[in-house]
Number of protein chains: 2
Amino acid sequence: MLRVSKLTDYATVILTHIAHQPDELHAASDITQSTGVALPTVSKVLKLLSKANILISHRGAKGGYQLAKKPNETNVAEVITAIEGPIGMTECMTSKGTCEQEPSCEIKGNWSLINRAVYTALEAVTLADMAAPVRQQAVSVVMPMTKETNELKVEN
Amino acid sequence: MLRVSKLTDYATVILTHIAHQPDELHAASDITQSTGVALPTVSKVLKLLSKANILISHRGAKGGYQLAKKPNETNVAEVITAIEGPIGMTECMTSKGTCEQEPSCEIKGNWSLINRAVYTALEAVTLADMAAPVRQQAVSVVMPMTKETNELKVEN
DNA sequence: CTTATATAGGACTATTTTAGTACTATATAA
DNA sequence: TTATATAGTACTAAAATAGTCCTATATAAG
């Protein structure tokens, strides 16, 4: 598996929809109709995204939600974090001291690198990418790290 | 979150341990002692890895498990798949036709690319990397895809 | 000022997934 | 023949997720 939750999936669908008209206000009831996701669920997702400052909310009559930033300024890693909490491939990445084996674990450092690699891939895709046709996407590419440093070698 | 299951985490610990002595046979009881993971759990993981042809098993007295291939020929993506099933960030990546929205989904193609990016990152790290100190790891790097093709542009 | 509308926040239940355990069958070395 | 070790499967308990609902609060418009 290794998958995002359904709510996260909904979140990307909803945000992609909003990203098509970034300047307008979108009420939860409107989004339900356009996306086919049930209203209570849409509502839950919108609240989470609003709390994470990915969306701005406007209360009251004629209220609704709009993007807090430009579509290319919000990425998939942020969306996942907003819905599911911090991204960490293993328990020790997000909550230290929980795993008994942690002090003697030999592979924690390697998981940390894997984690970073996955995060980098997710960070590279923005809402603007999601709203655009497939071909304009960013993708991940793997290359060996330099032996001298432990730094992530990033290219654009 | 977005994390691998505990069993997958155990699997990497166990495989890393075995990778240190790839040619010897390792009984479940021995691995329990070296890793601190409970015997029934170790046993379950070993069976799954054996079924996925990552390990070779030898039954009977003086039996045990050993790596089916060289440490650098088994990667983390294979291990995750062995324990959790196929890697797919969304439901539609692994089981088609389950999601009602699938036919009209606008972002399936983009999720497919994200999925591929993450998979590429996981595929790049082998058991040999896990068994080695941190600095020899492979890491993922992100770069924009060419607009002309829909191909993954991979560099080494 | 009142009313209708829309989000905020939290609580709750049901479902699904995961983790962990146990039992029986089978293979093999001595 | 016996002791040892894996194979396969089924089952239970725990945790995470999904989905729903209710009350409070803010705002536009009449």
Side-chain angles (χ1 to χ4, degrees), chain A residues 1-11 13-14 18 24-33 35-66 68 80 82-86 88 90-91 94-95 98-100, chain B residues 1-11 13-14 18 24-33 36-66 68 80 82-85 88 90-91 94-95 98-100:
Chain A
M1 296 251 285
L2 184 71
R3 65 175 48 163
V4 298
S5 71
K6 279 194 180 184
L7 286 185
T8 301
D9 199 354
Y10 297 154
V13 170
I14 291 169
I18 295 179
E24 296 187 21
L25 278 181
H26 302 260
S29 54
D30 298 341
I31 295 174
T32 299
Q33 294 194 318
T35 61
V37 182
L39 179 57
T41 305
V42 166
S43 182
K44 184 175 191 172
V45 170
L46 289 169
K47 285 174 201 168
L48 287 169
L49 294 173
S50 183
K51 200 167 187 178
N53 298 314
I54 289 173
L55 292 176
I56 292 175
S57 67
H58 297 266
R59 286 186 168 197
K62 305 217 170 174
Y65 297 87
Q66 64 184 161
I80 296 174
I83 306 293
E84 306 181 22
T90 55
E91 198 174 2
T94 50
S95 46
T98 317
C99 176
E100 291 179 16
Chain B
M1 296 253 287
L2 184 72
R3 66 175 46 163
V4 298
S5 71
K6 279 194 181 184
L7 286 185
T8 301
D9 199 353
Y10 296 153
V13 170
I14 291 168
I18 295 178
E24 295 187 21
L25 277 180
H26 302 260
S29 54
D30 297 341
I31 295 174
T32 298
Q33 294 194 319
V37 182
L39 179 57
T41 305
V42 166
S43 182
K44 184 175 189 172
V45 169
L46 289 169
K47 284 174 202 169
L48 287 168
L49 293 173
S50 183
K51 199 168 188 178
N53 297 315
I54 290 173
L55 291 176
I56 292 174
S57 68
H58 297 267
R59 287 186 168 197
K62 305 217 171 173
Y65 297 87
Q66 63 184 158
I80 295 175
I83 306 291
E84 308 182 21
T90 56
E91 197 174 1
T94 51
S95 46
T98 317
C99 175
E100 292 181 14

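Everything numeric here is computed off the predicted structure, so don't read it as measured data. In what follows, chains are A, B, ... by sequence order, proteins preceding strands, each numbered from 1.
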Over how many whole Å does the gap from B/R3 atom CZ to D/dA15 atom C1' extend? 12 Å
Using whole Å, report how far CD of A/E91 lies from C1' of D/dA16. 13 Å
In chain order, what residues pass the side chain to side chain donor-acceptor pair (under 3.5 Å) check against A/S29, with sequence neighbours excluded? none
Whole-Å distance separating the CG atom of A/L48 from the P atom of D/dA18: 11 Å
When rounded to the nearest 0.5 angstrom, what is the spacing between CD1 in A/I80 and OG1 in A/T8? 6.5 Å
Can you find a heavy atom in the side chain of B/L49 that is under 4.5 Å from one in the side chain of B/I83? yes
Just to confirm, is there a sub-4.0 Å distance from OP1 or OP2 of D/dA5 to any side-chain nitrogen or oxygen of B/S57? no
Test side-chain contact (heavy atoms from CB on, under 4.5 Å) applied to A/E24 - qualifying residues, sequence neighbours left out: A/Q21, A/H26
As an exercise, state the distance from CD1 of B/I56 to CG of B/L25, rounded to the nearest 0.5 Å. 10.0 Å
Which range-with-range stems can be found for DNA chain C when each stem has 3 or more Watson-Crick or G-U pairs in a row and both distances sit under 3.5 Å? C:1-30 with D:1-30
Rounded to whole Å, the CG-P distance (A/L39 to C/dA8) equals 13 Å
Can you tell me the distance, in whole Å, between the CG atom of A/L46 and the P atom of D/dA18? 16 Å
Qualifying residues under side chain to side chain donor-acceptor pair (under 3.5 Å), relative to A/Q66, sequence neighbours excluded: A/H58
Rounded distance in Å - CG (A/L25) to C1' (C/dT5): 13 Å
Output all residues satisfying side-chain contact (heavy atoms from CB on, under 4.5 Å) with A/V37, sequence neighbours left out; order by chain, then residue number. A/Y10, A/T35, A/T41, A/V42, B/Q101
CD1 (A/I14) and CG (A/L7) are apart, to the nearest 0.5 Å, by 9.0 Å
Readout for nucleotides 17-30 of chain C: B = base within 4.0 Å of protein heavy atom, S = sugar-phosphate only, - = neither; 5' to 3' it is -SBBB----BBBSS
With sugar-phosphate meaning primed atoms plus P, OP1 and OP2, does B/S43 contact a base, only sugar-phosphate, or nothing at under 4.0 Å between heavy atoms? nothing
Does the A/E84 side chain pair with the main chain of A/S5, one donor and one acceptor, at a distance under 3.5 Å? yes
